[in-house]
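Indexing begins at 1, ligand by ligand and atom by atom, following the structure's order. None of the values given here were measured: they were computed from a predicted structure.
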Amino acid sequence: MVADAGRTGHRYTRGAIAFHWTIAAAILFNLWLGLFHESLPGNWRVMPVHKALGITVLVLSLARLGWRLAHRPPPFPPALPRWERTLAKTAHWTLYALMIGVPLSGWLMVSGAAVRRPLDWFGLFPLPFLPVGPSVGGAAHEAHELLGYATAALLLVHILAALRHHLILRDDTLVRILPRLRTSQPH
Ligand code: HEM
Ligand code: HEM
């Protein structure tokens, strides 16, 4: 049926969905903390949270990448042209690279700082520093800023693409990565 050309009936697995939305929420919050930490009230002391959450994102993203390499995502809607498939794949692999590169550059930056501040996981246990010096720390600082902005820009495109699929193309691209909500069964 032409009206259903965009629907495959395939869904992401529950594991992939959980990974996607847990990491998405953590990254969006951390982008906000990173971009606006200087304008937040000083007594919020947000940077230790930013660092601990960022290292959590790094660990989760490495696990997710491993998962992704072992699991195929559901097929694209059949009506999707080849150029759009290529663009989507490129954008997704770039997002994986940024999900790892951004927190890693942050960790390298604080490890190579001239004066190291304490690094811990939400005050529960200390986190190690990476064995790098100030020259790596300086380069990582630049990289963290640049990659952070690149992530914000690519995410904007990613979100607009998801909304285009849902609202304009009306295919199941967005729905298949949303957690399935239970509907009440008739008695
Ligand atoms: C920090 C935030 C986010 C990150 C890092 C992220 C990352 C990703 C990645 C890497 C994939 C590819 C999954 C695969 O391997 O197949 C993906 C898929 C997807 N994401 Fe996100 N995402 C984020 C936020 C969002 C948001 C807010 C939306 C919705 C408005 C969204 C909608 C989607 C959709 C619809 C897909 C499935 C695409 C497809 O089936 O081809 N994402 N996301
Ligand atoms: C999801 C992961 C992360 C994201 C999305 C992120 C994003 C950002 C962004 C956008 C900024 C502002 C850049 C600027 O305007 O200068 C920033 C600053 C910063 N980030 Fe991250 N970050 C992440 C993880 C980390 C990690 C793991 C660390 C350290 C362990 C870290 C340490 C810092 C520090 C110290 C700053 C302040 C730099 C300055 O003001 O000079 N970040 N982050």
Taking 4.0 Å as the limit for heavy-atom contacts, which would you say applies to [X] with ligand 1: side chain only, backbone only, both, or neither?
X: Arg68; result: side chain
X: Arg64; result: side chain
X: Leu155; result: side chain

Taking only heavy atoms of [X] into account, list the atoms of ligand 2 that are under 4.0 Å away from them.
X: Met109; value: 20 (N), 32 (C), 33 (C), 34 (C), 35 (C), 36 (C)
X: Gly54; value: 2 (C), 24 (C), 27 (C)
X: Ile55; value: 27 (C), 30 (C)
X: Leu35; value: 10 (C)
X: Tyr149; value: 14 (C), 15 (O)
X: His37; value: 37 (C), 40 (O)

Apply side chain to side chain contact (heavy atoms under 4.5 Å, CB included) to the pair Phe76 and Thr173, showing each step before the final yes or no. CA-CA 8 Å; Phe76 286 118; Thr173 302; over 6 Å; no
Identify the closest protein heavy atom to [atom]: which residue and atom is it, and at what distance?
atom: atom 12 (C) of ligand 2; result: Gly34 O, 3.2 Å
atom: atom 4 (C) of ligand 2; result: Val102 CG1, 3.4 Å
atom: atom 16 (O) of ligand 1; result: Tyr12 OH, 2.7 Å
atom: atom 40 (O) of ligand 1; result: Arg176 NH2, 2.8 Å
atom: atom 28 (C) of ligand 1; result: Trp21 CH2, 3.5 Å
atom: atom 14 (C) of ligand 2; result: Glu145 CG, 3.5 Å
atom: atom 38 (C) of ligand 1; result: His92 CE1, 3.6 Å
atom: atom 13 (C) of ligand 1; result: Tyr96 OH, 3.6 Å

N/O donor-acceptor pair under 3.5 Å between [X] side chain and [Y] backbone:
X: Ser105; Y: Val102; result: yes
X: Arg11; Y: Val175; result: yes
X: Ser111; Y: Phe129; result: no
X: His10; Y: Pro75; result: no
X: His20; Y: Ile177; result: no
X: His71; Y: Trp67; result: yes
X: His50; Y: Asn30; result: yes

Set out, in order, the CA-CA distance, both residues' side-chain angles and the distance that settles side chain to side chain contact (heavy atoms under 4.5 Å, CB included) for Leu40 and Leu33, then state yes or no. CA-CA 9 Å; Leu40 294 170; Leu33 286 183; 4.2 Å; yes
From the options [options], select the one whose nearest heavy atom is closest to [atom].
atom: atom 29 (C) of ligand 2; options: Gly101, Gly106, Pro103; result: Gly106
atom: atom 27 (C) of ligand 1; options: Leu69, Ile159, Leu65; result: Ile159
atom: atom 25 (C) of ligand 1; options: His20, His10, His165; result: His20
atom: atom 7 (C) of ligand 2; options: Met99, His50, Met47, Lys51; result: His50
atom: atom 18 (C) of ligand 2; options: Glu38, Glu142, His144, His141; result: His144
atom: atom 2 (C) of ligand 2; options: Leu130, Asn30, Leu127; result: Asn30

Provide the number and element of each atom of ligand 1 under 4.0 Å from a heavy atom of Phe76. 41 (O)
Close-contact set for ligand 1 against Pro73 heavy atoms, below 4.0 Å: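 Selected atoms, number and element: 16 (O).
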Between Trp32 and Phe36, what is the ring plane arrangement, given parallel below 30°, perpendicular above 60°, and tilted in between?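 Tilted: the ring planes of Trp32 and Phe36 meet at 30° to 60°.
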Anything under 30° is parallel, anything over 60° is perpendicular, the rest tilted; go ahead and classify Tyr96 against Trp93. tilted
Do the charged groups of Lys89 and Glu84 touch, with an N to O distance under 4.0 Å? no
Check whether any heavy atom of Thr151 sits under 4.0 Å from an atom of ligand 2.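 No, that is not the case, since the closest heavy atom of the residue is not under 4.0 Å from the ligand.
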Applying the 4.5 Å side-chain criterion to the ILVMFWY set and letting contacts propagate, would Leu80 and Leu163 be lumped into a single cluster?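 Looking at the clustering, Leu163 is in a separate group from Leu80.
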Evaluation steps, side chain to side chain contact (heavy atoms under 4.5 Å, CB included), between Leu28 and Leu155: CA-CA 9 Å; Leu28 291 173; Leu155 278 178; 4.0 Å; yes
Would you call Ile177 a ligand 1 contact, heavy-atom distance under 4.0 Å? yes
Check for me whether Trp93 has a heavy atom closer than 4.0 Å to any atom of ligand 1. no
Could you walk me through whether Asp120 and Phe125 satisfy the side chain to side chain contact (heavy atoms under 4.5 Å, CB included) test, starting with their C-alpha distance in whole Å, then the side-chain angles of each, then the deciding distance to 0.1 Å, before giving a yes or no? CA-CA 6 Å; Asp120 58 48; Phe125 53 84; over 6 Å; no
Val110 versus Arg116: any side-chain heavy-atom pair under 4.5 Å?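 Counting from C-beta outward, Val110 and Arg116 never come under 4.5 Å.
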In the structure I gave you, are the side-chain heavy atoms of Pro128 and Trp107 within less than 4.5 Å of one another anywhere?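 Yes, their side chains come closer than 4.5 Å.
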Residue His158 atom name (nearest to atom 21 (Fe) of ligand 1; N/O/S): NE2
